[in-house]
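Everything on this sheet refers to the single structure shown next.
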Amino acid sequence: MPITITMPALSPTMEEGTLASWQVKAGDTVAAGDVLCEIETDKATMEVEAVDEGTIGKLLVEAGTEGVKVNAPIAILLEEGEDESALEGYEPEGGAAPPPAETAEPEPEAPRPAKQPAGSVADDARAPAPKPASGGGGGRIFASPLAKRMAEQAGLDLAAIEGSGPKGRVVKRDIEAAVKAGTGKKAAPQAAATAAAAPAPKPLAVAGDYPPATDDYEEIKLNSMRKTIARRLTESKQTIPHFYLTMDIELDRLLAMRKDLNGRSDAYRISVNDFIIRATALALHRHPEINAQFTGEAILQHRKVDVSVAVAIEGGLITPVIRDADRKGLVEIANQAKDLAGRARDGKLKPEEYQGGTCTVSNLGMFGIDQFVAVINPPQSTILAVGSGKQKPVVKDGALAVATVMTATLSCDHRVYGGAEGARFLETLKGFLEDPVTMLL
């Protein structure tokens, strides 16, 4: 009997994904462990392997299809001894697969109101926005996230670059070769030459009408990651009673220790953020009431300290996790954080590497941000927002002095703990960062 292959749930939060590419075609024989397809989730692009062996009988979803629901059938696998005749009358198990784009029913035309004079404002507001022109060739271009970003920065046309990766995928070395050879440059847009002659868009008759004139905006489709961020953080602000605690922390002794440690070896490079991760983990260990989450019926205090680290990537952000961070030294944290951040930007993290953190550290200091407040990422109850370290006047022993000061703000879930507990946690964190040798004891 044929076997239905369905869209897998690659993370607990995944509800739908994009079937980026097929690595097999109808008629191919596959064995358990063979790669069937690539799925783009809200966090990464991942390979899906076959669980059973057999022959691919039919692909139900085309490569490039977005919004495929979890458990929707995507292909049919024929078992040993079966041929295409086994597909007759067979109904795939699971939810309905999305129909191919060419067979989709056209949307009914909205009823038109009473006829207006030609060129009237009502006609302008009713006219649909023009669709953007499709790219040359109309085919899907397969490239790694890093290659796409490098091509955009270098002004290269991916369609003009021959990929050397698996199945012609454009990878980093292809972009580097194109830049060196000076090939693959994007053609200058023809529209720029006539932009000055284009008439200005007509204003809408009534202030506040939506949508605005067709030339006044660009519609950017939400990717899976941005949809998930919007849904989860809206849920966070609607359900979690946030409160915030802010504290200034002096970094001069930490900066001196960092310089000394980095000067001892070329095998590692410790950043200020690595110190912050280490200090946060040790403070969570001392204050388990902060290392907790709210379930509605109980508060769960985690026995392990797993610190999530916010990493900005193309299209959103992701939070890879430093596991057992309170048991790791600075060098191990530094090396692991660098590796996770690099693979996060390339979309190569495994689900277990970005799921299950107990607290998050978000650092915008490298962007020159002095202070900010962050939104808690449920089911966590805490996120630490860190600004940049800057020299500021301080008073020491009754005298004015200059110190490098960093502002840290703790976003807290009031259902899990109160202001006093949060303040004690920040006090401990401040102690570790202002006297960093205590983190090494």
Side-chain angles (χ1 to χ4, degrees), residues 11-13 43 228 232-247 249 273-311 317-330 332-333 336-337 340 349-363 373-386 408-433 435 438-441:
S11 73
T13 61
K43 299 295 185 182
T228 300
R232 287 176 57 80
L233 297 190
T234 298
E235 172 193 348
S236 175
K237 292 297 285 187
Q238 288 177 340
T239 61
I240 297 178
H242 288 61
F243 72 93
Y244 310 98
L245 302 172
T246 300
M247 184 174 284
I249 300 171
N273 205 48
D274 298 326
F275 279 94
I276 294 170
I277 294 169
R278 168 74 171 160
T280 300
L282 293 176
L284 288 170
H285 182 84
R286 289 196 183 181
H287 301 277
E289 67 276 10
I290 309 299
N291 194 45
Q293 71 181 69
F294 182 79
T295 68
E297 301 295 331
I299 293 174
L300 305 181
Q301 285 192 4
H302 300 288
R303 293 190 177 95
K304 298 180 64 178
V305 177
D306 298 331
V307 179
S308 303
V309 183
V311 176
L317 62 86
I318 193 170
T319 52
V321 182
I322 308 290
R323 306 285 178 186
D324 296 313
D326 57 326
R327 301 180 183 180
K328 294 179 177 176
L330 285 167
E332 188 174 4
I333 288 174
Q336 188 172 353
L340 288 171
L349 288 181
K350 300 175 182 177
E352 59 268 22
E353 292 177 316
Y354 58 78
Q355 296 170 2
T358 59
C359 173
T360 298
V361 171
S362 180
N363 189 343
V373 295
V375 181
I376 296 171
N377 185 25
Q380 297 178 11
S381 65
T382 305
I383 182 169
L384 181 70
V386 179
T409 300
L410 195 70
S411 300
C412 314
D413 185 344
H414 217 324
R415 300 172 301 178
V416 179
Y417 58 90
E421 291 88 352
R424 284 193 287 268
F425 169 84
L426 272 182
E427 186 178 34
T428 300
L429 177 76
K430 178 183 174 77
F432 282 130
L433 293 174
D435 190 10
T438 57
M439 285 192 269
L440 309 180
L441 300 178

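Just so it is clear, the structure is predicted and the values come from calculations on it, not from any experiment. Only this structure's heavy atoms are used, side chains among them; waters, hydrogens and symmetry mates stay out.
- Considering all non-hydrogen atoms of both residues, I249 and A408 come closest at CD1-CB, 4.2 Å.
- Nearest heavy-atom pair across D326 and R278 is O-NH1, 3.2 Å.
- R327 pairs by the salt bridge (Lys or Arg N to Asp or Glu O under 4.0 Å) definition with nothing, not counting sequence neighbours.
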Contacts table for residues 374-383: side-chain donor-acceptor under 3.5 angstrom, sequence neighbours left out:
from: N377; atom 1: OD1; to: R232; atom 2: NH2; distance (Å): 3.2
from: Q380; atom 1: OE1; to: T360; atom 2: N; distance (Å): 3.2
from: Q380; atom 1: OE1; to: T360; atom 2: OG1; distance (Å): 2.6
from: Q380; atom 1: NE2; to: S308; atom 2: OG; distance (Å): 3.3
from: Q380; atom 1: NE2; to: G357; atom 2: O; distance (Å): 3.0
from: S381; atom 1: OG; to: I290; atom 2: O; distance (Å): 3.4
from: S381; atom 1: OG; to: A292; atom 2: O; distance (Å): 2.7
from: T382; atom 1: OG1; to: Y417; atom 2: OH; distance (Å): 2.8

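- In this structure, the separation between CG on L440 and CG on L330 is 6.0 Å, given to the nearest 0.5 Å.
- Within the 4.5 Å cutoff, side-chain heavy atoms of S236 are placed close to those of H242.
- Every residue was checked against the ring pair (Phe, Tyr, Trp, His ring centres under 6.0 Å) condition with H302, not counting sequence neighbours, and none meets it.
- For the atom pair L429 CG and L384 CG, the distance stands at 6.0 Å (nearest 0.5 Å).
- Considering all non-hydrogen atoms of both residues, T280 and C359 come closest at CG2-SG, 4.3 Å.
- The SG atom of C412 sits 4.0 Å away from atom CZ of F243, with the distance rounded to the nearest 0.5 Å.
- Among all heavy-atom pairs drawn from M439 and L433, the shortest one is CE-CD2, 4.2 Å.
- Taking the salt bridge (Lys or Arg N to Asp or Glu O under 4.0 Å) definition, one finds that R286 meets it with nothing, sequence neighbours left out.
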- How far apart are the C-alpha atoms of L317 and V311, what are their side-chain angles, what is the distance that settles it, and do they pass the side-chain contact (heavy atoms from CB on, under 4.5 Å) test? CA-CA 6 Å; L317 62 86; V311 176; over 6 Å; no

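- Applying the side-chain contact (heavy atoms from CB on, under 4.5 Å) criterion to P288, with sequence neighbours excluded, gives Q301.
- Looking only at side-chain heavy atoms (C-beta outward), L349 and I318 come within less than 4.5 Å of each other.
- Summarising the geometry of V373 relative to T409, their closest heavy-atom pair is CG1-CG2, 3.6 Å, with the distance given to 0.1 Å.
- Side-chain contact between N273 and F275 is absent, with no heavy atoms from C-beta onward closer than 4.5 Å.
- By the 30° and 60° cut-offs, the orientation of the rings of H287 relative to F425 is perpendicular.
- In this structure the side chain of L282 never reaches within 4.5 angstrom of the side chain of T428, judged on heavy atoms.
- Residues V321 and V307 fail the side-chain proximity criterion, which asks for heavy atoms closer than 4.5 Å.
- For the pair L340/E353, a side-chain contact is recorded, criterion being any heavy-atom separation below 4.5 Å from C-beta on.
- Nearest heavy-atom pair, P241 versus D413, reported as atom, atom and distance to 0.1 Å: CD-OD1, 3.7 Å.
- Remark: the backbone N or O of D306 is not paired with any side-chain donor or acceptor of D324 at under 3.5 angstrom.
- Judged purely by atom type and a 3.5 angstrom limit, Q336 has no side-chain atom pairing as donor or acceptor with the backbone of I333.
- Between the CZ atom of F294 and the CZ atom of R415 there is a distance of 5.0 Å, given to the nearest 0.5 Å.
- Applying the side-chain contact (heavy atoms from CB on, under 4.5 Å) rule to T438 yields the partners F432, D435; only residues at least two apart in sequence or on another chain are considered.
- Separating the CD atom in E427 from the CG atom in L245 is a distance of 12.0 Å, to the nearest 0.5 Å.
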